[in-house]
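Here the structure is laid out as structure tokens; the discussion comes afterwards.
Order of the sequence lines fixes the chain letters, A, B, ..., with proteins taken first and strands second; residue numbering starts at 1 for each chain.
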There are 2 protein chains.
Amino acid sequence: MMKPVRTFADGLARLRNVGLRPTRQRLALADLLFGEGDRHVTAEALHGEAELAGVRVSLATVYNTLHQFTEAGLLREVVVDAGCCYFDTNVSDHHHFFFEGTGRLQDIAGSSLSVTDLPAPPEGASISRVDVVIRLREDGK
Amino acid sequence: MMKPVRTFADGLARLRNVGLRPTRQRLALADLLFGEGDRHVTAEALHGEAELAGVRVSLATVYNTLHQFTEAGLLREVVVDAGCCYFDTNVSDHHHFFFEGTGRLQDIAGSSLSVTDLPAPPEGASISRVDVVIRLREDGK
DNA sequence: GTGTTTGCAAAGTGTTTGCAATTTA
DNA sequence: TAAATTGCAAACACTTTGCAAACAC
């Protein structure tokens with residue numbers, strides 16, 4: 001039987017790539033985060049998932065890890081709701097739908113949407129990112 | 001001497017217009033908020049201003065008032081930073097610059113900026129608002 | 001071994017709530 | 001006087017921190 005091939009999606013490789021020690025906790029969280037498709041998670045939610053998956057990890061470590069991953073460019077922070085930080089596993093240039101009722105976040109697929117006539121940044125500042133959030137209300141509620 | 005003319009900017013008129021009792025606290029806060037041009041305030045900041053102005057009002061009342069004003073359409077809530085709510089006295093359709101370094105918020109003047117090719121909202125939802133935030137980093141820092 | 005990472009519990013921040021006292025109409 | 005509003009202090013949710021024990025290299 002062959003050793004499984006290491007893909008780039010592999011947790012160990014990801015951590016090595018950004019110079020973070022592959023600890024048990026980081027590997028488990030990376031698996032949860034990058035295991036399947038793009039995700040938007042909060043620290044609490046990810047901690048809950050870890051517990052369900054039988055991974056022993058403290059909430060403090062989840063917070064630390066999410067921030068380390070964000071600094072390393074593996075995640076992107078999205079602010080749409082006061083008092084709640086989302087981390088997006090899709091770090092490419094894209095925008096979001098936000099469901100006001102449920103607090104759910106969803107990537108806007110494709111890159112159809114665009115912002116035109118961007119104003120010049122104020123004197124002494126430069127643009128670090130342009131965020132577009134389309135806020136949605138559920139019909140018939 | 002003539003009685004001063006009541007403009008729409010007047011606190012009392014504003015409160016009457018939206019059916020809120022013109023209490024001492026609400027009048028004072030309305031003065032601070034709408035007294036001069038467009039503003040972006042946090043609850044804490046407004047509470048601080050009130051104290052400086054010699055207005056006795058509790059922080060809880062500032063929070064209540066900001067939310068009541070928002071519900072009444074006198075203010076608009078802007079979320080750009082986790083753990084900090086801004087209230088904008090400009091309730092017309094517009095977008096924002098956000099200075100990441102200082103946490104300051106600034107209206108984007110004019111309506112030059114526009115979002116094109118807005119995607120259709122997901123099934124069962126409709127668009128409540130489109131927010132664009134241009135995040136800025138101060139040069140040379 | 002040495003420096004990094006973790007977990008815990010405590011502290012911190014910003015916000016909301018319950019309720020008696022006060023104010024408005 | 002009846003209903004709305006306020007202030008206080010306590011409760012809250014979420015996040016960060018300090019430090020000793022555990023771990024990775």
Side-chain angles (χ1 to χ4, degrees), chain A residues 11-32 40-51 53-72 74-75 77-87 102-103 105, chain B residues 11-32 40-51 53-72 74-75 77-87 103-105:
Chain A
L12 187 53
R14 269 177 202 269
L15 293 181
R16 288 250 161 83
N17 268 328
V18 297
L20 287 172
R21 281 196 185 175
T23 64
R24 178 178 59 75
Q25 291 87 337
R26 286 182 185 152
L27 282 168
L29 294 177
D31 270 5
L32 290 171
H40 303 92
V41 299
T42 63
E44 304 259 3
L46 184 60
H47 184 240
E49 277 185 40
E51 272 193 343
V55 178
R56 261 192 52 254
V57 56
S58 73
L59 185 55
T61 296
V62 173
Y63 274 105
N64 288 338
T65 303
L66 286 172
H67 287 136
Q68 289 153 354
F69 283 12
T70 301
E71 249 170 68
L74 299 178
L75 292 175
E77 220 171 323
V78 186
V79 179
V80 281
D81 199 13
C84 181
C85 262
Y86 286 89
F87 293 86
T102 60
L105 201 58
Chain B
L12 187 54
R14 269 176 201 268
L15 293 181
R16 288 250 161 83
N17 268 328
V18 298
L20 287 171
R21 283 194 184 177
T23 65
R24 178 177 58 76
Q25 291 88 336
R26 284 182 187 152
L27 283 168
L29 294 177
D31 269 6
L32 290 171
H40 303 93
V41 299
T42 63
E44 305 259 3
L46 184 59
H47 184 241
E49 278 186 41
E51 272 193 344
V55 177
R56 261 193 52 255
V57 56
S58 72
L59 184 54
T61 297
V62 173
Y63 274 105
N64 287 338
T65 303
L66 286 172
H67 287 137
Q68 290 154 355
F69 283 12
T70 301
E71 249 169 69
L74 299 178
L75 292 176
E77 220 170 324
V78 186
V79 179
V80 281
D81 199 14
C84 179
C85 261
Y86 287 89
F87 293 86
R104 201 167 66 81
L105 201 59

Which atoms form the tightest heavy-atom contact between R26(A) and F69(A), and what is the distance? O-CZ, 4.0 Å

Grab the two heavy atoms, one from L59(A) and one from A43(A), that are nearest each other, plus how far apart they are. CD1-O, 4.1 Å

For H47(A), give me all partners under ring-ring contact (aromatic ring centres under 6.0 Å, His included), at least two apart in sequence or on another chain. none

Please report, rounded to the nearest Å, how far the C1' atom of dT5(C) is from the CZ atom of R56(A). 14 Å

Between CG of L29(A) and CD of E49(A), what distance do you get to the nearest 0.5 Å? 9.5 Å

Looking at every strand, decide which applies to H47(B) at a 4.0 Å heavy-atom threshold: base, sugar-phosphate, or nothing. nothing

Approximate separation, where rounding is to 0.5 Å, of L75(A) CG and Q68(A) CD: 11.0 Å

R24(B), CZ: over 12 other non-hydrogen atoms inside 6.0 angstrom: yes

Tell me, what's DNA chain D's dot-bracket, Watson-Crick or G-U with both distances under 3.5 Å, | for other-strand, [ ] crossing? |||||||||||||||||||||||||

Between the protein and nucleotides 21-25 of chain C, list the N/O to N/O atom pairs that are separated by less than 3.5 angstrom.
residue: dT24(C); atom: O2; partner: R21(B); partner atom: NH1; Å: 3.1

Restricting to nitrogen or oxygen on both sides, can you table the protein-nucleotides 10-14 of chain C pairs closer than 3.5 Å?
none

Separation of dT6(C) atom C1' from L20(A) atom CG, nearest Å, is 14 Å

Kindly write out the residues that satisfy ring-ring contact (aromatic ring centres under 6.0 Å, His included) with Y63(B), not counting sequence neighbours, or none if the list is empty. none

What is the separation between atom NE2 on H67(B) and atom C1' on dT15(C), rounded to the nearest whole Å? 8 Å

Smallest separation among heavy atoms of L15(A) and R21(A), with atom names: CD1-O, 4.3 Å

Take L27(A) and L12(A) through the test side-chain contact (heavy atoms from CB on, under 4.5 Å) and record every step on the way to the result. CA-CA 7 Å; L27(A) 282 168; L12(A) 187 53; 4.2 Å; yes

Considering all heavy atoms, the nearest R104(B)-Y86(B) contact: N-OH, 4.4 Å

Do other residues, nucleotides or ligands put more than 12 heavy atoms under 6.0 Å from E71(B) CD? no

Starting from the 5' end of DNA chain D, give me the residue, A82(B) or L59(B), whose nearest nucleotide shows up first. L59(B)

Out of the candidates V62(B), V57(B), T65(B), only one should pair with L46(B) under the side chain to side chain contact (heavy atoms under 4.5 Å, CB included) rule; please name it. V62(B)

Closest non-hydrogen atom pair between T42(A) and C84(A), with its separation: CG2-SG, 3.6 Å

Quick check for you: name the first and last nucleotides of DNA chain D, 5' to 3', having an atom under 4.0 Å from a heavy atom of chain A. dC14(D) to dC25(D)

